[in-house]
Amino acid sequence: MKNTFKEQDHHNLHSSITFSKLITFLFLLISISYLFYSLRFVTHSYNCESNQPHQNNQNLQNPDILPIIHNSHTNFKPQTENPFQEQPTNISHIVFGIGASAKLWKKRKEYIKLWYKPDQMRGIVWLEQKVKPDPKDKNLLPVMKISEDTTNFKYKNSKGHRSAIRISRIVSETVRVGMKDVRWFVMGDDDTFFVGENLVNVLRKYDHNGFYYIGSSSESHLQNIYFSYNMAYGGGGFAISYPLAVALEKMQDRCIQRYPGLYGSDDRIQACMAELGVPLTKEKGFHQFDVYGNLFGLLAAHPIAPLVSLHHLDVVEPIFPNVSRIQALKRLTVPMSLDPAGLIQQSICYDKSRNWTVSVSWGYAVQIFRGIFSAREMEMPARTFLNWYKRADYTAYPFNTRPVSRNVCQKPFIFYLSNAIQDEDSDETASRYVRVQKNPDCKWKMEDPTQIKVVTVYKKSNPHLWDKSPRRNCCRVQDTKRKGTMVIDVGECREDEVVEL
């Protein structure tokens with residue numbers, strides 16, 4: 001028995017030594033493997049942007065290599081593996097597709113020249129036929145291309161024009177051009193005016209790697225009923241994310257063949273979006289402006305959202321009186337360059353000593369009213385315009401409006417922008433507004449705004465205004481010794497600041 005235990009102890013000791021040797025061997029094997037694995041990373045050169053080794057430097061420098069383009073259709077691949085490490089969306093990530101007419105090009109190209117920045121933006125103007133280029137326009141406009149032939153597509157709407165098929169395919173044709181680093185395709189017309197910085201602010205809120213169809217409805221209730229409240233109006237502009245544009249391009253030609261009876265291009269786009277299952281994401285700053293007459297009421301009480309676009313510029317009156325449409329828009333570009341986020345944003349305040357209500361549409365106009373009007377009333381657009389069917393019918397709008405007062409004493413004194421500058425010392429913008437139209441005589445026994453000849457508004461630029469929860473800016477009437485001048489300060493509302501008298 002004793003010998004048996006000794007033999008067993010000897011056997012256990014031998015097993016323990018063997019097991020220890022095995023553990024040591026495995027440890028050395030793992031260590032050597034890890035060393036070789038580490039050396040592999042040290043001896044390879046990596047491209048930090050793509051996280052792939054440089055297999056062929058020549059390929060990386062070849063602009064013709066577009067791996068996502070395959071013949072006439074595009075296969076979507078995410079542009080980066082980790083979207084959270086991407087830089088924020090900027091204007092270079094957007095490609096504009098502009099639907100244009102050769103017959104109207106000579107006139108309407110002037111609208112595009114006001115907002116398009118060739119050194120920063122990318123875009124294509126799509127025409128039905130070639131136009132003679134003007135040497136004066138060199139480097140001022142987007143690239144011009146001729147749309148593909150659409151004679152094989154059916155069109156059966158007796159009230160419309162088959163050019164709607166051509167224009168509806170602009171996004172797909174722009175996708176097929178194969179531009180790099182695109183996050184959004186933005187559609188517009190040749191009479192659409194865009195505010196690029198605000199467009200970026202809007203699109204930056206959304207993940208461009210998802211399926212997004214962004215725009216707005218018409219200002220005409222009947223138009224929205226006839227077409228769809230789920231449709232983005234193309235003249236007001238709409239944005240389609242890159243992967244959605246690729247998905248649209250793959251199926252659009254089959255899709256639009258199923259809708260020969262539709263009227264326009266934007267309802268064909270929406271029909272295809274319905275088949276793709278993508279709803280409209282509404283942004284209030286895209287403006288179709290299906291109205292006639294004077295836009296003043298709409299612009300002076302702009303919704304609390306960045307101004308992105310203006311459309312139907314040939315239909316409505318110039319936004320500033322006594323000048324041409326082009327001259328009016330050119331004037332608007334001055335405050336737009338100083339503080340695009342605050343452009344045409346409304347502020348409401350009171351001159352308490354004189355019982356006046358003041359409304360500031362920054363960069364556009366200032367209104368002074370005799371008496372006290374509530375903020376709830378002032379934020380409603382005054383009906384200075386007619387609806388798309390040229391009827392003075394307040395039920396024809398899908399938003400609240402207020403009538404223009406018939407009482408001469410309640411008509412506003414309107415001061416239009418004359419100029420705006422940046423004061424580098426105070427880091428403020430100073431904008432000047434003057435009255436160019438007379439008001440009728442009033443017999444009220446209260447102080448008369450006729451004495452005010454000029455309104456000066458001071459405001460600090462705030463590029464991050466729309467990064468916060470939406471809130472209207474506040475304005476404050478300032479004391480001044482300048483005769484015939486009202487001075488107003490505009491800025492973010494202070495703590496506990498309320499628009500009340």
Run the side-chain hydrogen bond (donor to acceptor under 3.5 Å, both in side chains) test on Ser163 and Glu128 for me, step by step, so that the C-alpha distance in whole Å, both residues' side-chain angles and the decisive distance to 0.1 Å come before the verdict.
CA-CA 8 Å; Ser163 61; Glu128 77 278 19; over 6 Å; no
Check whether more than 12 heavy atoms from other residues, nucleotides or ligands sit under 6.0 Å from atom [atom1] of [X], and answer yes or no.
X: Phe399; atom1: CZ; value: yes
X: Lys103; atom1: NZ; value: no
X: Lys107; atom1: NZ; value: no

Would you check if [X] and [Y] make a side-chain contact, meaning some heavy-atom pair closer than 4.5 Å?
X: Ile124; Y: Pro142; answer: no
X: Val143; Y: Val125; answer: no
X: Ser217; Y: Met231; answer: no
X: Thr174; Y: Trp126; answer: yes
X: Ser431; Y: Trp362; answer: yes
X: Leu332; Y: Ile344; answer: yes

Please verify the inter-ring angle class for His312 with Trp388; under 30° counts as parallel, over 60° as perpendicular, anything in between as tilted.
parallel
Side chains of [X] and [Y] only: does a donor on one sit below 3.5 Å from an acceptor on the other?
X: Thr89; Y: Arg204; result: no
X: Glu492; Y: Asn473; result: no
X: Ser172; Y: Gln252; result: yes
X: Ser218; Y: Gln223; result: no
X: His221; Y: Tyr229; result: yes

Walk me through it: do Phe96 and Phe194 pass the test side chain to side chain contact (heavy atoms under 4.5 Å, CB included)?
CA-CA 10 Å; Phe96 293 92; Phe194 284 104; 4.0 Å; yes
Could you go through the side chain to side chain contact (heavy atoms under 4.5 Å, CB included) check for Leu310 and Leu329 one step at a time?
CA-CA 10 Å; Leu310 308 171; Leu329 288 168; 4.1 Å; yes
Evaluate Ser216 against Lys284 for side-chain hydrogen bond (donor to acceptor under 3.5 Å, both in side chains), listing each step before the verdict.
CA-CA 6 Å; Ser216 192; Lys284 294 181 178 180; over 6 Å; no
Within 45° of the ring axis of Tyr242 and under 6.0 Å from its six-membered ring centre, is that where the NZ or CZ of Arg183 lies?
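Geometry flag: not set, cation outside 6.0 Å or 45°.
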Looking only at the aromatic ring of each residue, does the gap between the centers of [Y] and [X] stay below 6.0 angstrom?
X: Tyr364; Y: Phe320; answer: yes
X: Phe193; Y: Tyr111; answer: no
X: Phe385; Y: Tyr397; answer: yes
X: Tyr263; Y: Phe227; answer: yes

Residues Lys113 and Glu110 bridged, charged N to O under 4.0 Å
yes
Regarding Glu317 and Arg325, does a basic nitrogen lie under 4.0 Å from an acidic carboxylate oxygen?
no
Could you go through the side chain to side chain contact (heavy atoms under 4.5 Å, CB included) check for Ser220 and Tyr389 one step at a time?
CA-CA 9 Å; Ser220 166; Tyr389 297 90; 3.9 Å; yes
Are we looking at SG atoms under 2.5 Å apart for Cys474 and Cys349?
no
Working for side-chain hydrogen bond (donor to acceptor under 3.5 Å, both in side chains), residues Tyr259 and Glu275:
CA-CA 12 Å; Tyr259 301 96; Glu275 293 190 1; 2.7 Å; yes
